[in-house]
Amino acid sequence: MAKIADTLQVDYDEFCGALAAKDLQPLWKINKQIMPQQPHPKTLPWLWNWSTLLPLAQRAGELITIDRGGDRRVLALCNPGLNGMPYTSTTLWGAVQYLAPGESAPAHRHTPGAIRFVMEGEGVWTTVNGDACDMTPGDLVLTPNWHWHDHTNAGDQPMVWFDGLDLPLVGWMESVFFELYPDNLQPIDARNGSERLYGRGTVPTDREEQSLHSPLLRYPYSEVSLQLDAMLEETGLEVTTLNYVNPINGHSALPTLGLEMTRIREGASTRPYRKAGSSIVVVFRGAGHSVIDGQRFDWSEHDIFVIPSWATVEHVASESSDLFVTTDRPVLQVLGLFREEYLEHPQKVTGTFEPR
Ligand code: 1HN
């Protein structure tokens, strides 16, 4: 802060009061806070155990019906660093959603873009602008911004999936719009239609498909898993990551969300790494732990954890593991804000996270 001569202190204090009264703030008092040398995220590294999430999602299934108004049976993963905001990080919404057999979640659309990543269950589809996308465990379904979407469970077991949205980011930009579909559900005009047209690596030439999002809406785990096997085999490495991309141009499948799957072989670990922007990690398969800024987070199947911006992270798999990761990376990249680095030395573990 600028030095003030003692004799002027009284004048200076009065001046600061005058500024505040006129809704002004002097940069010299706040510059350290608003312009730190590197990010100081409010987002805390945090973890939600599946053994906690599942019974509460089931209980919600007993207590809350889905009809107009209730809309979606969703439990938001609220980061305790964000003052009660229902957000997982400053930019990302993460939640689990529970849909019982015979239920439908009504059609609507909104400007935040969303993804569904199936954790448990069978017999559900999400209809996205008329295309019914089947959901089985490990599948990714996109609902790009302003696309109509509804969910139907025609099976005989409940389904639980992970919802990832760019909602906090769109909220900070004060650009959230929402609309209910006039009917409960949209008419279905195709089944896995986007996959039949775009899921083969070859793409149709008879249409203008230059949108910001992928025309492919469903990325089945069966294919992803085969590809991860091939990648590990081909490289001889113990860790590999694939990106879910738009098959036309190779860009991220959604413009605001980075979507990845990392497979780590049993006993292997990742190098210490940090990047600008936050990540939500869904442990789809396996067990292990991650060290995030010196704190150890133990995880097993279907646990979900969040990595804040610029936090150093190392993953260690005690079993062969698949980590599904949602990030804000494409936003940072397109704005020229993305940074990443690998660190030379493993972190010292200074504590272990105790889940609530
Ligand atoms: C939403 O529309 C869904 O469509 C899930 O399943 C989670 C969280 C916030 C706002 C809208 C869905 C949501 C959401």
Side-chain angles (χ1 to χ4, degrees), residues 48 53 56-57 60-61 64-79 82 84-121 123-137 139-155 158-186 188 213 217-219 253-254 256-257 259 278 280 282 304 306 324 326 328:
W48 293 262
L53 290 172
L56 292 170
I64 308 292
T65 59
I66 299 188
D67 35 32
R68 282 279 143 97
D71 213 47
R72 299 291 193 266
R73 195 185 289 108
V74 172
L75 303 179
L77 307 171
C78 304
N79 193 295
L82 301 179
M85 299 279 269
Y87 302 152
T88 316
S89 77
T90 348
T91 53
L92 300 172
W93 166 286
V96 289
Q97 182 163 170
Y98 182 94
L99 194 65
E103 285 184 332
S104 287
H108 66 208
R109 63 180 176 179
H110 38 70
T111 49
I115 63 101
R116 326 285 154 198
F117 180 79
V118 182
M119 302 181 74
E120 202 172 270
V124 175
W125 63 81
T126 290
T127 307
V128 185
N129 276 7
D131 186 7
C133 301
D134 287 327
M135 298 165 81
T136 61
D139 294 352
L140 171 70
V141 172
L142 310 180
T143 56
N145 94 43
W146 213 239
H147 280 48
W148 295 112
H149 55 283
D150 51 68
H151 314 289
T152 296
N153 188 342
M159 179 174 279
V160 186
W161 67 77
F162 169 77
D163 286 313
L165 285 86
D166 57 17
L167 174 60
L169 186 67
V170 180
W172 294 122
M173 295 189 287
E174 300 186 327
S175 301
V176 175
F177 294 84
F178 174 90
E179 192 180 344
L180 275 175
Y181 193 72
D183 299 319
N184 199 45
L185 300 175
Q186 313 160 66
I188 294 175
H213 62 82
L217 301 172
R218 172 172 193 264
Y219 297 74
L254 290 180
T256 51
L257 295 175
L259 303 160
S278 52
I280 305 176
V282 177
I304 304 176
V306 52
F324 174 76
T326 304
D328 49 17

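Numbers here simply count residues along the sequence, with the first being 1. Counting starts at 1 for both ligands and their atoms, following the listed order.
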If I apply the N/O under 3.5 Å rule, does W93 come out as touching ligand 1?
no
Return the residue, atom name and 0.1 Å-rounded distance of the protein heavy atom closest to atom 12 (C) of ligand 1.
R72 NE, 2.9 Å
R218: what forms a salt bridge (Lys or Arg N to Asp or Glu O under 4.0 Å) with it, not counting sequence neighbours?
D139, E195
Residue, atom name and distance, where the atom is the protein heavy atom closest to atom 6 (O) of ligand 1:
H151 NE2, 2.6 Å
Counting heavy atoms only, which of V176, L167, D163 comes nearest to atom 7 (C) of ligand 1?
D163
Would you please name every residue forming a salt bridge (Lys or Arg N to Asp or Glu O under 4.0 Å) with E103, sequence neighbours left out?
R73
So NE2 of H108 and CD of Q186: to nearest 0.5 Å the spacing works out to 10.0 Å
When distances are taken from atom 3 (C) of ligand 1, the protein heavy atom at minimum range is R116 NH1, 3.5 Å
Can you list the steps and then say if W148 with D150 is a side-chain hydrogen bond (donor to acceptor under 3.5 Å, both in side chains)?
CA-CA 7 Å; W148 295 112; D150 51 68; over 6 Å; no
Side-chain donor-acceptor pair under 3.5 Å between T91 and S278, yes or no?
yes
When rounded to the nearest 0.5 angstrom, what distance separates OG1 in T88 from CG in L77?
4.5 Å
Looking only at protein heavy atoms, which one is nearest to atom 2 (O) of ligand 1, and how far off is it?
H108 NE2, 2.6 Å
What's the shortest distance from atom 11 (C) of ligand 1 to any protein heavy atom, and which residue and atom give it?
H110 NE2, 3.8 Å
Per-atom filter on ligand 1: closer than 4.0 angstrom to a heavy atom of Q97 are 5 (C), 6 (O), 12 (C)
